[in-house]
There are 2 protein chains.
Amino acid sequence: MDNDVVRQAPLFSALDDEAATALRGSMSETRLRRGEVLFHEGDSGDRLYIVLDGKVKLGRTSSDGRENLLAILGPGQMFGELSLFDPGPRSATVTAVTDTSFASLSHEDLLRWLDGRPTVARGLLAQIAGRLRKANDVNADLVFSDVPGRVAKALLDLADRFGRTADDGVHVHHDLTQEELAQLVGASRETVNKALADFASRGWLRLEPRSVVIMEVDRLQRRAR
Amino acid sequence: MDNDVVRQAPLFSALDDEAATALRGSMSETRLRRGEVLFHEGDSGDRLYIVLDGKVKLGRTSSDGRENLLAILGPGQMFGELSLFDPGPRSATVTAVTDTSFASLSHEDLLRWLDGRPTVARGLLAQIAGRLRKANDVNADLVFSDVPGRVAKALLDLADRFGRTADDGVHVHHDLTQEELAQLVGASRETVNKALADFASRGWLRLEPRSVVIMEVDRLQRRAR
DNA sequence: CCTATCGAGTGGTCTGGGTCACATGCAGTC
DNA sequence: GACTGCATGTGACCCAGACCACTCGATAGG
């Protein structure tokens with residue numbers, strides 16, 4: 001298993017070598033191919049996962065069948081914590097957006113682990129608190145921003161986490177269809193498409209299949225706020 | 001200080017008498033009158049608060065001055081955890097909705113406290129995880145539900161936490177103006193007013209100043225989903 | 001190579017709900 | 001009691017964005 005990526009997870013960044021080795025022992029590895037589902041909303045389960053490689057989407061389905069995405073997670077990010085500490089069924093469906101591999105840890109192992117290591121426990125708290133803060137931000141955006149603004153913000157967030165800067169701009173291979181991007185910002189596919197087309201026509205970015213090249217980051221930033 | 005209410009907070013429910021007494025020693029008490037602000041979004045601060053009596057609103061202001069409310073909190077509920085674990089300025093403004101009293105604890109004291117008590121740490125985690133889950137639910141509602149639906153859901157939530165069942169229905173003294181209720185569900189005051197008027201005309205509830213009497217809970221529930 | 005399928009791109013229509021503009025109904029306070 | 005604000009009702013108007021109906025490529029099976 002890729003020890004480095006586990007260490008890179010904010011949660012475990014403070015581990016010394018001994019601890020990292022011990023941790024690796026109790027973790028197991030899983031792989032999924034694009035489109036496969038790790039678990040469904042409503043399933044029971046109490047494993048914590050860390051993305052080693054690839055990308056996943058966390059999604060929910062409303063009673064009438066429409067979907068929305070809570071987050072896109074990449075290497076080093078974890079999920080599944082909700083069912084750990086707020087006992088209950090899984091609150092979202094996790095689907096691989098690209099071929100993906102995970103490390104996972106059972107609730108039990110994690111708790112045993114946490115006991116002697118207050119630093120890690122604090123890290124976990126920080127992680128979840130950060131997520132909560134972000135969820136609150138998304139709420140505010142849904143109320144205050146229009147669709148183009150939310151699209152701009154989503155692109156900048158993806159660029160931050162998955163972007164590679166080149167001389168012609170920031171290349172962001174988000175691996176999402178426009179449909180998925182629309183679900184992420186809470187809008188229809190058509191409206192998102194039009195927003196993207198508008199940005200492209202202004203020369204702020206270039207559209208490529210499942211990726212974009214952002215050429216004018218500051219313009220997008222201004223549009224996002 | 002009101003020891004019972006502190007104990008009643010989910011966070012500290014598992015404390016034995018010795019621990020509760022020790023805790024009380026490091027907590028201090030604050031009072032606010034309706035409309036007064038405890039702290040503003042952007043302030044620095046690292047105290048954790050627990051509402052002893054009364055109600056507060058957690059709100060944010062967008063760049064163009066409009067407001068939205070993240071939550072209404074009553075006795076036994078805590079806030080301020082975000083700035084504790086995700087270091088940074090306060091992410092919301094806290095305002096008293098009624099005359100309110102709080103117990104508070106400094107970051108330092110809390111951490112010292114947590115160290116020897118993994119149970120409490122786990123409780124804290126559970127608390128924040130629950131909040132995160134709720135924030136995600138709100139997100140989904142903003143995307144999928146219409147305003148009347150969100151109003152219905154908000155009323156049911158308030159009824160759950162502040163309602164008193166009488167023979168003519170559930171009396172909910174939410175203490176909110178319709179303006180505040182509107183900010184809570186992310187809609188305009190006028191639209192919320194019309195939704196309420198509609199519910200009232202159907203006989204589902206009765207409107208009273210700063211409170212409602214819900215007469216047909218199940219109708220509202222159906223409208224909320 | 002020929003279809004099916006799926007993603008992307010675009011115009012046209014319709015509506016939920018925001019904004020504006022009022023009216024009414026109250027507390028306080030002078 | 002008259003005057004000033006704040007909270008609450010309600011209609012008229014308008015627009016962002018959902019929904020619908022297509023077209024056009026690209027990829028994939030047969």
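Chain letters run A, B, ... following the sequence lines, proteins first, then strands; residues in each count from 1. Keep in mind the model is a prediction, meaning the values are calculated, not measured.
Ion pairing of B:Asp146 with B:Arg223 is present here, as a side-chain N (NZ or NE/NH1/NH2) and a carboxylate O approach within less than 4.0 Å. The residues B:Asp43 and B:Arg90 are annotated as not salt-bridged, no charged nitrogen and carboxylate oxygen being separated by less than 4.0 angstrom. Taking 4.0 Å as the cut-off between side-chain N and carboxylate O, A:Arg31 and A:Asp99 do not count as a salt-bridged pair. One finds a salt bridge joining A:Arg206 and A:Asp168 here, because a Lys/Arg side-chain nitrogen approaches an Asp/Glu carboxylate oxygen to under 4.0 Å.
More than 12 heavy-atom neighbours from other residues, nucleotides or ligands sit within 6.0 angstrom of CZ on A:Arg222. Surrounding CZ of A:Arg34 are more than 12 heavy atoms belonging to other residues, nucleotides or ligands, all under 6.0 Å away.
The distance from atom CG of B:Asp198 to atom P of D:dG11 is 12 Å, rounded to the nearest whole Å. Rounded to whole Å, atom C1' of C:dG18 lies 16 Å from atom CG of A:Leu142. Going from atom CZ of A:Phe144 over to atom P of D:dA16 covers 18 Å, rounded to whole Å.
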>> Determine whether A:Val97 and A:Leu176 satisfy the following criterion, side chain to side chain contact (heavy atoms under 4.5 Å, CB included), listing intermediate values before the conclusion.
In response: CA-CA 7 Å; A:Val97 166; A:Leu176 302 173; 3.9 Å; yes

> What's the verdict on side chain to side chain contact (heavy atoms under 4.5 Å, CB included) for B:Arg47 and B:Ser28, showing C-alpha distance, side-chain angles and the deciding distance?
Replying inline: CA-CA 10 Å; B:Arg47 296 203 135 249; B:Ser28 57; 3.6 Å; yes

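Heavy atoms of B:Arg66 sit under 4.0 angstrom from primed sugar atoms or phosphate atoms, though from no base atom.
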Would you list the protein and nucleotides 6-10 of chain D atom pairs, both N or O, that sit under 3.5 Å from each other?
| residue | atom | partner | partner atom | Å |
| --- | --- | --- | --- | --- |
| D:dT8 | OP2 | B:Gln178 | N | 2.7 |
| D:dG9 | OP2 | B:Gln178 | NE2 | 2.9 |
| D:dG9 | OP2 | B:Asn193 | ND2 | 2.8 |
| D:dG9 | N7 | B:Arg189 | NH1 | 3.0 |
| D:dG9 | O6 | B:Arg189 | NH2 | 3.2 |

Between the protein and nucleotides 27-30 of chain D, list every N/O to N/O distance that falls short of 3.5 Å.
none

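Closest approach to the A:Ala187 side chain among D:dG17, C:dG18, D:dA18 is made by D:dA18 (side chain taken as heavy atoms from C-beta onward).
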